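So you know, we letter chains A, B, ... as the sequences are listed, proteins then strands, and number each from 1. All values derive from a computational prediction rather than experimental measurement. These values consider heavy atoms only, across backbone and side chains, with no hydrogens, waters or symmetry-generated copies.
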2 protein chains.
Amino acid sequence: MNVNSGGKRVRRTPEEAKSLILSIASDRLSALGLEGLNISGVAKDAGMSHATVIHHFGSTGAMRKALLEKMTHDLLSDVMVALNHHEEPARVLDHLFEMLSHGGHGRLLAWLALDQQAFSPASESKGLFTDILNKIAEDSGDPVHAKQIIFLVAIAAMGKSICGDAIAGLIGINETEARQFPEWLAEHIQRI
Amino acid sequence: MNVNSGGKRVRRTPEEAKSLILSIASDRLSALGLEGLNISGVAKDAGMSHATVIHHFGSTGAMRKALLEKMTHDLLSDVMVALNHHEEPARVLDHLFEMLSHGGHGRLLAWLALDQQAFSPASESKGLFTDILNKIAEDSGDPVHAKQIIFLVAIAAMGKSICGDAIAGLIGINETEARQFPEWLAEHIQRI
DNA sequence: CCCACTATTGACATTCATGTTGATATATCT
DNA sequence: AGATATATCAACATGAATGTCAATAGTGGG
């Protein structure tokens with residue numbers, strides 16, 4: 001849990017410090033949920049005082065925003081790579097679902113969306129997102145349906161990351177059926 | 001904002017009090033988002049002391065859980081009615097999306113899901129949910145695909161309620177396209 | 001009318017997160 | 001080595017939310 005248990009004072013470069021902090025924050029997001037994404041807790045787990053965290057990010061909101069930016073960028077660039085490598089749709093979907101569900105990507109996105117701060121126009125990742133959209137639309141050939149399909153996939157991915165397990169449990173979907181879902185969806189999307 | 005501005009002390013039946021509190025809480029959820037769902041704020045808007053709210057519900061978490069229970073029940077029974085009236089799938093989907101998006105239904109569900117408290121086994125609405133599942137599976141005739149379809153619709157509905165607007169904005173979906181989405185989805189689901 | 005019951009309330013205590021400040025330690029440069 | 005820059009920290013101040021408790025005030029029954 002605690003990173004720095006020794007008594008010595010550690011001095012990092014600002015980049016190292018920010019990177020460490022965001023890494024710990026990401027871990028806490030996965031382990032504790034959104035409540036774990038506060039300055040005091042993150043600082044404690046990172047083995048530093050909370051004043052240090054504030055020194056680097058300025059405020060709690062800014063830290064969260066930085067984490068969102070990093071996670072979004074990682075996610076989108078990963079999807080972009082998969083698209084450029086001409087992977088089959090099923091693989092891309094699987095990858096997308098996996099990345100959103102794992103580690104709290106989708107959760108953080110949802111949480112910020114619920115706070116009406118997400119997808120701010122100034123977001124650096126917006127360009128990447130539109131790039132992906134263009135790529136998909138270009139590959140599919142049907143721009144009208146493409147929009148609806150992308151919308152469907154996007155909201156489904158978000159919903160699955162947030163409460164996919166709970167809903168699957170309610171419906172009574174077993175392990176293998178759950179694993180097959182991305183493939184199933186990709187197949188039926190291609191038929192449209 | 002404030003309900004009781006007079007100086008007189010109002011005495012309600014426990015049922016009236018709970019109903020009023022949950023109503024105010026629902027309003028605050030729509031207006032202020034999840035942050036508005038705390039005892040102090042709700043009590044203030046309801047024109048009573050926060051001690052009264054605690055008296056009726058016991059704790060903040062219990063109040064939230066009660067609100068979730070009520071909203072879920074309202075939502076599911078509405079869907080059940082639509083199904084029993086043999087409305088066309090497009091109408092049912094439209095209705096589902098509308099109810100989840102409006103008034104913060106989906107938001108509260110998502111928030112509680114993020115807190116890993118939602119869909120608790122003891123939930124009274126679980127029975128209603130399985131009823132709906134059986135009804136749909138029975139209507140569709142194909143139990144294998146039915147599960148996947150229901151799963152898709154459920155997670156899509158959740159995702160749309162949380163960040164549908166933001167994603168639609170990113171993709172560049174206009175007003176009419178957005179309105180047509182439920183119909184579009186219903187049509188392609190029926191073809192499966 | 002009087003009494004029991006309880007919904008309601010103000011005041012208090014507690015906990016916790018956030019943010020500020022001045023001092024200190026450490027890396028880098030000359 | 002000495003000086004500079006700044007990353008780090010302990011301590012403090014603040015504010016918000018939660019929960020407890022004893023007292024008060026409506027309500028209904030005898």
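Under 4.0 angstrom from either OP1 or OP2 of C:dT8 there lies at least one side-chain N or O belonging to B:R12. Using a 4.0 Å cut-off, some side-chain N or O of A:T52 falls inside it from OP1 or OP2 of D:dC9. Between A:H55 and D:dT8, a side-chain N or O to OP1/OP2 separation shorter than 4.0 Å is absent.
Between B:L96 and B:A157, the shortest heavy-atom distance links the atoms CD2-CB, 4.1 Å. Between B:M63 and B:L37, the closest heavy-atom pair is CE-O, 4.1 Å. B:A25 approaches B:L67 most closely through the heavy-atom pair CB-CD2, 4.0 Å.
The structure places CG of A:L152 at 8.0 Å from CD1 of B:I189, a figure rounded to the nearest 0.5 Å. To the nearest 0.5 angstrom, B:Q180 atom CD is 7.0 Å from B:E183 atom CD.
For B:R179, the side-chain contact (heavy atoms from CB on, under 4.5 Å) partners at least two apart in sequence or on another chain are B:E175, B:T176.
Taking atom CD1 on B:I54 and atom P on C:dA11, their separation rounds to 17 Å, with Å as the unit. One atom, CZ of A:R9, and another, P of D:dT8, lie 9 Å apart when rounded to the nearest Å. For the pair B:K18 NZ and C:dT8 C1', the interatomic distance rounds to 15 Å; values are reported in whole Å. Here the C1' atom of nucleotide D:dT18 and the CG atom of B:L37 are 15 Å apart, to the nearest Å. At whole-Å resolution of the value, NZ in A:K44 and P in D:dC9 are 15 Å apart. Across the protein-nucleic acid pair, B:F57 atom CZ and C:dA7 atom P stand 13 Å apart, rounded to whole Å. When the C1' atom of D:dT6 is taken as reference, atom CD of A:E16 falls 15 Å away, rounded to whole Å. Atom pair B:M48:CE and C:dG10:P shows a separation of 12 Å (rounding to whole Å applied).
Within the nucleic acid shown, A:T13 has no heavy atom closer than 4.0 Å to any nucleic acid atom.
With the nearest nucleotide of DNA chain C identified for both B:P14 and B:A51, B:P14 has the one nearer the 5' end.
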All N/O pairs under 3.5 Å across the protein-nucleotides 12-17 of chain C interface:
residue, atom, partner, partner atom, Å
C:dA17, O5', A:S40, OG, 3.4

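Residue B:R11 has its side chain nearest to D:dA25 when only D:dG19, D:dA25, D:dA7 are considered.
Under the 3.5 Å distance criterion, the side-chain polar atoms of A:S101 are matched with a main-chain donor or acceptor of A:F97.
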